[in-house]
Amino acid sequence: MIELVLASQVLADIIENDISFKKALRKAFPSNKNSDVSKTVSALVGCELRHHFMYEESLKRLDIEVTNQEKYLIFLCASNRFFLKRLDSEKVSEYMHSVFEKEKLDYLITAIDTSGSFADAVPVRKDSIDYVGLRFNTPKWLIKMWSKHYGRGVAFKILKKNSKQIVATYRSNEILDSMEGFDGEIEDFEQTKVRGVYRYIGTKPIHSNPLIQNNELVPLRPIYKDIVDRFQNDLTQEVSIYSGADDSLFRELLIRSKGKLGINVVVPKLGERAEILRQIRLSNYKTVNLFEAKDEIGFKTGISHKQDVFYVFPKSSSFDKIRVYPDYLIHFKQQYIDSFIAEQKSSLETSSKFVNDGGLLIYLVDTLNIKETTAIINDFLAKHEEFELVEDKQLFPFNEEDIALYYAVLRMREKSND
């Protein structure tokens, strides 16, 4: 079956070659990514990735040798048989028996049969971290970290929510004349609590919607617009943003600027920010100043004077992406966090030097990790008495905002005239 063959190739690229899910699919389907075959392959691989740790653990318990290719086929076959049921079971069985000896295949499939009890498939204690980690496809170290930081109850709620998809929300793209000032009802969408941001409630594939195809509605989580709405004065002439990873906040600043707001965009590496470059090109605004910088000297080459608002959105562990990318935890390594913290501290420190008296320094990271959130801000405030905390908040995916995000709004104190 071509679907299983291609799906195993995609899975091999993701796991063995450290290629992202999206890039691996594009590699397999360079010119026909919307075919029925490509959609089935995407569903099979996505399903396997969301049960991968459990499959691997099941296989470890067997006294049998398999090649990687055999392993991937078994895992994909199990995903179809017990979860997706997308491919015809008789055809799958026929194909698998052409690849494996019957006894070996029957033995492997039985070992990862999750149609019954999960505990039967992987016999571990239900009150153990091993059980929770395999049930929610999450590494033990991460479960331990969340439990330590937020308590076991909150950690379990995070894990449970991570197994569900993010609600798709979109911002009216006022860069386009057709959407300027738009605030009406849209078929298949409903207004969120944040004006101009809509939740998709339709039943058809979202990418087939003409508003999405025509770029009249663009992806945006409501919280980003809400933060800018509440803290950025409409009379502000210029803002700056350090954008280390996520492009969401920049997208909101670009849309609302309508070409009248000066936006300085500092990135650590220009070559990694293709989406920001695309957004600037599509807007055709001449008020965006994009440049690469990592230290104060580099910042000074692109920012000529202090700012009333400076957003700092550095790279982070980005655990919000677990629900977006089924391969996120396959690629993520715990040791990455130290480098993220170093960039977070550095970008916040450097950006603070470019904030006006009375101006705002707004720090955001799309993650759940105290070391990257409150610890960063507390450390910064201890060293900078000239700044005061206006507001900070950790949002969890199970909150109404449906996002893992921390933000802190700091204000530079006005200097006394005495």
Side-chain angles (χ1 to χ4, degrees), residues 1-124 133-139 163 325-332:
M1 297 191 71
I2 188 63
E3 293 91 347
L4 284 174
V5 173
L6 290 172
S8 65
Q9 292 173 0
V10 170
L11 198 54
D13 269 339
I14 293 168
I15 296 171
E16 296 174 27
N17 301 325
D18 202 29
I19 296 177
S20 72
F21 181 43
K22 281 188 173 182
K23 288 182 179 178
L25 283 173
R26 284 200 296 267
K27 180 180 174 183
F29 300 96
S31 60
N32 197 16
K33 61 182 180 179
N34 291 317
S35 68
D36 289 340
V37 172
S38 67
K39 290 176 183 177
T40 298
V41 168
S42 177
L44 279 170
V45 176
C47 183
E48 194 285 336
L49 290 169
R50 295 197 182 281
H51 298 88
H52 184 75
F53 296 155
M54 185 266 290
Y55 289 152
E56 286 280 11
E57 185 63 25
S58 299
L59 205 57
K60 285 179 187 176
R61 296 169 184 269
L62 301 182
D63 184 21
I64 189 170
E65 290 187 8
V66 293
T67 66
N68 281 344
Q69 195 65 21
E70 289 176 327
K71 180 172 70 173
Y72 300 147
L73 282 172
I74 288 293
F75 292 172
L76 291 162
C77 179
S79 294
N80 181 72
R81 177 175 176 179
F82 305 123
F83 299 104
L84 279 180
K85 306 184 189 303
R86 185 78 64 91
L87 298 176
D88 181 86
S89 59
E90 291 186 5
K91 291 182 180 179
V92 170
S93 178
E94 182 180 335
Y95 172 75
M96 296 298 279
H97 279 90
S98 71
V99 177
F100 291 87
E101 295 177 2
K102 184 179 186 305
E103 292 76 11
K104 188 176 185 180
L105 179 62
D106 290 344
Y107 182 51
L108 289 168
I109 288 294
T110 301
I112 52 177
D113 185 347
T114 59
S115 60
S117 167
F118 174 84
D120 291 338
V122 185
V124 294
L134 295 173
R135 177 183 173 186
F136 292 108
N137 204 54
T138 304
S163 65
Y325 304 111
D327 58 327
Y328 191 78
L329 290 175
I330 297 289
H331 300 299
F332 191 88

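The chain is numbered in sequence order, starting from 1. For clarity, every value in this text was computed on a predicted model and none was experimentally measured.
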Looking only at heavy atoms, the pair that brings Phe21 and Asp327 closest together is N-OD2, 2.8 Å
Taking only distance into account, with no hydrogens and no angle test, what donor-acceptor pairs under 3.5 Å do side-chain atoms of residues 66-73 form with protein atoms, sequence neighbours excluded?
| residue | atom | partner | partner atom | Å |
| --- | --- | --- | --- | --- |
| Thr67 | OG1 | Glu70 | N | 3.1 |
| Asn68 | ND2 | Glu16 | OE2 | 3.3 |
| Gln69 | NE2 | Ser8 | OG | 2.8 |
| Glu70 | OE1 | Thr67 | N | 3.0 |
| Glu70 | OE1 | Lys104 | NZ | 3.4 |
| Lys71 | NZ | Glu56 | OE2 | 3.2 |
| Tyr72 | OH | Glu16 | OE2 | 2.8 |

- Item | Main-chain N/O of Met54 paired with Ser58 side-chain donor or acceptor, under 3.5 Å | yes
- Message: A side-chain contact here means heavy atoms from C-beta on lying under 4.5 Å apart; do Met96 and Ile74 qualify?
- Response: yes
Exercise for the section: Answer yes or no: are there more than 12 heavy-atom neighbours, outside Phe332 itself, under 6.0 Å from its atom CZ? Expected result: yes
Only pairs under 3.5 Å count here: list side-chain donor-acceptor contacts from residues 42-50, not counting sequence neighbours, and write none if there are none.
| residue | atom | partner | partner atom | Å |
| --- | --- | --- | --- | --- |
| Glu48 | OE1 | His52 | ND1 | 3.4 |
| Glu48 | OE2 | His52 | ND1 | 2.7 |
| Arg50 | NH2 | Arg323 | O | 3.4 |

When every non-hydrogen atom of Leu134 is compared with those of Phe53, the smallest separation belongs to CD2-O, 3.4 Å
Val10 and Lys27: side chain to side chain contact (heavy atoms under 4.5 Å, CB included), yes or no, with the steps?
CA-CA 8 Å; Val10 170; Lys27 180 180 174 183; over 6 Å; no
Rounded to the nearest 0.5 Å, the OG atom of Ser163 sits from the NE2 atom of His51 at a distance of 9.0 Å
To the nearest 0.5 Å, atom OG of Ser20 lies from atom CG of Leu25 at 8.5 Å
To the nearest 0.5 Å, atom CG of Asn137 lies from atom OH of Tyr328 at 14.5 Å
Note: Tyr55 and Ala78 closest approach over all heavy atoms is OH-C, 3.7 Å
Examine distances only and state if a side-chain atom of Asp88 and a backbone atom of Glu90 form a donor-acceptor pair shorter than 3.5 Å.
yes
In this structure, NZ of Lys23 is separated from CG of Asp13 (nearest 0.5 Å) by 12.0 Å
Between the CG atom in Leu87 and the CG atom in Asn80, the distance rounded to the nearest 0.5 Å is 4.5 Å
Rounding to 0.5 Å, atoms OH (Tyr95) and CG (Leu4) come to a distance of 6.5 Å
For Arg86 and Lys39, the nearest pair of non-hydrogen atoms, with its separation, is NH1-O, 4.0 Å
- Message: If you count every heavy atom of other residues, nucleotides or ligands that lies below 6.0 Å from Asp36 atom CG, does the total exceed 12?
- Response: no
